[in-house]
Amino acid sequence: MMSERSTVDVEQLQAELQSARDAFDKWALETVSAADQLRENHIRNIADLKGDIQTLQQRQQQLSLEADKLKQRLSVEKSREQALQAELGLVQAEEVALPLKISKLQEALHLEEAELRRREAAIGQEELARQKTMAHLRKDLETFRSRLGLCFQGVPGKDLSFVFTNIDPNDHARQFIFGVTIQKGRTYTVTSCDPPLKAMEDLVHALNDGSIQFSAFVQCMRRHFQQLC
């Protein structure tokens, strides 16, 4: 009966390990665009791997205790020596295999931690580049403020809203607004435009392929707003 229990435990342990690997493989194939979600996934996987290692180590200790008990029974139950030797062999085989499994899990844990550090460093560099670009935008905005009747609204590091006035000759206070955000790769996206412009797509394309600078893009937006009046 003890041999049957040991076999069931081995199969259950292998199933748990396979389930953990399947969960990890599924995670590795998913694309996560949000930095916070990515970091949480790495931390969760690290915690799972540590938990698996601890479980296997506890199982190894349990198997060692079972092996000791079987050895004691062998000394007093000579008639069952052959059966107990076979059962002991199964337990010892599982005990010998566990260090290799633990080693592989520890290696996976180290790789996961290294990947987490690499991703966090890359995210930090992207955010720094984004902040620098936004700083340049604000500098350009100050230059255009007095000449183009331009002001902006927004939170540092987020979308910027460009607000023009002094465009409509019949209503100088009327506002013409468009919003801009910076994506990965330092490309620009217009998130809103009021009133809408037919030339918006062409202007954004020219800005992103380097045909025009951002300052020229802002001036083009103002001219197209003027054409609506």
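- Between Phe178 and Phe217, the ring-plane angle classifies as perpendicular under the 30° and 60° cut-offs.
- Contacts classified as salt bridge (charged side-chain N to carboxylate O under 4.0 Å, His left out) and involving residues 165-177 (residues at least two apart or in different chains) are given here: Asp168-Arg174.
- The side-chain heavy atoms of Gln54 and Gln58, taken from C-beta on, include a pair separated by under 4.5 Å.
- For Thr55, there are no side chain to side chain contact (heavy atoms under 4.5 Å, CB included) partners at least two apart in sequence or on another chain.
- Remark: Thr189 engages no residue in a side-chain hydrogen bond (donor to acceptor under 3.5 Å, both in side chains) (not counting sequence neighbours).
- You'll find the ring centres of Phe162 and Phe214 inside the 6.0 Å limit.
- Legend: residues meeting side chain to side chain contact (heavy atoms under 4.5 Å, CB included) with Ser103, ordered by chain and number and at least two apart, are absent.
- More than 12 heavy atoms of other residues, nucleotides or ligands sit less than 6.0 Å from atom CD of Gln106.
- Not counting sequence neighbours, the partners of Arg118 by the salt bridge (Lys or Arg N to Asp or Glu O under 4.0 Å) test are Glu115.
- In terms of heavy-atom proximity, Val218 sits nearest to Leu150 at CG1-CD2, 4.0 Å.
- At most 12 non-hydrogen atoms from other residues, nucleotides or ligands lie less than 6.0 angstrom from CD of Glu107.
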Side-chain donor-acceptor distances from residues 191-205 under 3.5 Å, at least two apart:
from, atom 1, to, atom 2, distance (Å)
Thr191, OG1, Gly179, O, 3.4
Ser192, OG, Gly179, N, 3.4

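- Applying the salt bridge (Lys or Arg N to Asp or Glu O under 4.0 Å) rule to Arg117 yields no partners; only residues at least two apart in sequence or on another chain are considered.
- Both Met221 and Leu228 are members of a single hydrophobic cluster when ILVMFWY side chains are connected at heavy-atom separations under 4.5 Å.
- Considering only residues two or more places apart in sequence or on other chains, Lys50 meets the side chain to side chain contact (heavy atoms under 4.5 Å, CB included) condition with Ile46, Leu109, Glu113.
- Within 6.0 Å of atom CD in Gln57, more than 12 heavy atoms from other residues, nucleotides or ligands are found, so the atom counts as buried in its surroundings.
- The nearest pair of heavy atoms linking Ile167 to Cys229 is CG2-SG, 3.9 Å.
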Full working for side chain to side chain contact (heavy atoms under 4.5 Å, CB included) between Arg222 and Gln226: CA-CA 6 Å; Arg222 190 176 193 278; Gln226 286 176 320; 2.8 Å; yes
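- Distance CD/Gln213 to CD/Gln219: 11.5 Å, rounded to 0.5 Å.
- In this structure, Ile177 belongs to a hydrophobic cluster whose other members, linked by side-chain heavy atoms under 4.5 Å apart, are Val163.
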